[in-house]
Amino acid sequence: MKRTAWTLLFKRTGGIMLGTAIYAFGINYFVIPNELMEGGITGISLILHYLADISPSITTLVLNIPLFLLGLRVFGGKSMAYTLFGILSLSLFLWVFEMMTKQGWIIPFASREDYFLVTLYAGLSIGGGLGIVFRMGGTTGGVDIVARLLNKWRGWSMGQIMLVLDVLIIGSALFFLPKEKILYTLVAAFVGSKTIDFITEGAYSARALTIISDHGEELAEKITMEMDRGVTLFPARGAYSKQEKNVIYCVVARHEVSRLKAIVHAKDPSAFVIIGNVHDVFGEGFRESQG
């Protein structure tokens, strides 16, 4: 295996371990002490923990084994390698933080008043952990495997499958948990999903500008010279005027937008400018790819 391949391997496995550690910490520190819920296999493990006091570290591993073996048979070892590592890493850290809590090394954040604060940090920790795992190309098994299998066999949307399964698992807790706890769980799930999107799509937020002007080439040159940003020109023709012109496409950092708008306005006040969000960008002039 080449050096770059080893570097990528250590980067991904290290990232998955970090992500599952954060996720497991959130479960033990915020979720369990406040009797909140979670979706997926972890949610089933929490139900068994609340009803029968079974360790989530054990049930998470046991419930994932048959799903992993089925996924291994269908998708192959290469595709499931990081999933296996994620499952083992999550079970390990769930056990580690559980033992640390029992030994008194960690005092869980159990609230009797401000559940909203608990919900916020539960969502941030769970979403942050899972976001890192997903960004490194791994998963924690569970409904991810089920969704992939049903997508392959039935062609169903993975997102819809995961949503339905999570709703069923979280909703089943209504039989033994107060409905307020379920509603708080849904808030935590929303915060977690936004955190996952933020991490997987990129923390670096840029802006993409599409500029339609009669002075396309002059503007492109000015942007390149004054802002040191790459510019792409697309030939276009007005549908009504039938006039040929160039459309400028340029991606800049968020704080550079006002400067670019000033350059465009100074050269062509009548230019038509469209500004859109870019959730992730890498390449020359920006950060390097995360791999």
Side-chain angles (χ1 to χ4, degrees), residues 8-50 52-69 71-72 80-111 118-146 162 166 169-170 185 188-189 191-193 195-196 198-200 290:
L8 180 60
L9 176 64
F10 286 129
K11 179 181 177 181
R12 287 188 172 178
T13 53
I16 291 172
M17 291 186 69
L18 174 63
T20 52
I22 295 173
Y23 180 83
F25 176 80
I27 293 294
N28 280 279
Y29 192 74
F30 295 111
V31 175
I32 292 177
N34 296 283
E35 294 185 323
L36 298 176
M37 274 294 294
E38 168 67 353
I41 291 296
T42 305
I44 298 176
S45 298
L46 290 176
I47 291 175
L48 294 175
H49 174 72
Y50 295 144
D53 197 27
I54 302 175
S55 170
S57 61
I58 297 174
T59 49
T60 297
L61 181 60
V62 171
L63 292 173
N64 266 307
I65 288 175
L67 292 175
F68 171 76
L69 293 176
L72 182 65
M80 297 295 293
Y82 287 117
T83 295
L84 175 61
F85 188 79
I87 293 171
L88 296 176
S89 183
L90 176 59
S91 298
L92 171 64
F93 283 114
L94 283 171
W95 176 80
V96 167
F97 288 119
E98 180 185 340
M99 293 299 103
M100 293 177 71
T101 301
K102 288 182 177 180
Q103 294 296 324
W105 297 343
I106 294 178
I107 301 176
F109 189 83
S111 176
V118 170
T119 300
L120 176 63
Y121 281 98
L124 286 173
S125 57
I126 290 173
L130 286 177
I132 294 173
V133 172
F134 295 157
R135 178 128 191 172
M136 293 297 108
T139 74
T140 55
V143 297
D144 298 332
I145 299 175
V146 176
M162 295 175 69
D166 284 346
I169 293 168
I170 294 175
T185 294
V191 174
S193 67
T195 306
I196 290 173
F198 179 78
I199 293 175
T200 56
Q290 295 297 309

Interatomic distance, CD1@Ile44 vs NE2@His49, rounded to 0.5 Å, equals 15.5 Å
Rounded to the nearest 0.5 Å, the CE atom of Met136 sits from the CZ atom of Phe85 at a distance of 12.5 Å
Taken in chain and number order and not counting sequence neighbours, the residues that satisfy side chain to side chain donor-acceptor pair (under 3.5 Å) with Ser91 are none
- Hey, are the side chains of Thr42 and Tyr23 touching, using non-hydrogen atoms and a 4.5 Å cut-off? yes
Residue pairs passing the salt bridge (Lys or Arg N to Asp or Glu O under 4.0 Å) test with at least one member in residues 82-110, sequence neighbours excluded, are Glu98-Lys102
Please check: side-chain N/O of Asn28 versus main-chain N/O of Pro108, any donor-acceptor pairing under 3.5 Å? no
Between the CD1 atom in Ile126 and the CD1 atom in Ile22, the distance rounded to the nearest 0.5 Å is 12.0 Å
Hits for side chain to side chain contact (heavy atoms under 4.5 Å, CB included) against Val96, two or more places apart or cross-chain, chain-then-number order -> Leu92, Met100
Residues pairing under salt bridge (Lys or Arg N to Asp or Glu O under 4.0 Å) where one sits in residues 22-31, two or more places apart or in two chains, turn out to be none
Heavy-atom nearest pair, Ser57 first then Leu94, reads CB-CB, 3.8 Å
ring-ring contact (aromatic ring centres under 6.0 Å, His included) filter on Phe134, not counting sequence neighbours, yields none
Those residues at least two apart in sequence (or on a different chain) that pass side chain to side chain contact (heavy atoms under 4.5 Å, CB included) with Glu35 are Tyr50, Leu177, Lys181
Sequence neighbours excluded, the answer for side chain to side chain contact (heavy atoms under 4.5 Å, CB included) partners of Leu69 is Ile65
Asp166 side chain reached by Val143 side chain, heavy atoms, under 4.5 Å: yes
Between the CG atom in Asn64 and the CG atom in Leu84, the distance rounded to the nearest 0.5 Å is 10.0 Å
Sorted by chain and number, sequence neighbours left out, side chain to side chain contact (heavy atoms under 4.5 Å, CB included) with Thr20 holds for Ile16, Ser89, Leu90, Phe93, Val133, Thr140
Across all chains, not counting sequence neighbours, the side chain to side chain donor-acceptor pair (under 3.5 Å) partners of Thr60 are Ser45
Sorted by chain and number, sequence neighbours left out, ring-ring contact (aromatic ring centres under 6.0 Å, His included) with Phe68 holds for none
Checklist line | Within-4.5 Å side-chain heavy-atom neighbours: Tyr82 and Thr13 | finding: yes
For Pro33 and Phe109, the nearest pair of non-hydrogen atoms, with its separation, is CB-O, 4.3 Å
Residue set satisfying side chain to side chain donor-acceptor pair (under 3.5 Å) with Thr139, at least two apart, ordered chain then number -> Thr83
message: Tell me whether the rings of Phe25 and Phe30 are parallel (<30°), tilted (30 to 60°) or perpendicular (>60°).
response: perpendicular
So CD1 of Ile196 and CG of Leu130: to nearest 0.5 Å the spacing works out to 4.5 Å
Any side-chain heavy-atom pair from Asn34 and Ser111 closer than 4.5 angstrom? yes
Separation between CG (Leu67) and CD1 (Ile87), nearest 0.5 Å, reads 8.0 Å
Sorted by chain and residue number, the side chain to side chain donor-acceptor pair (under 3.5 Å) partners of Ser193 (sequence neighbours excluded) come out as none
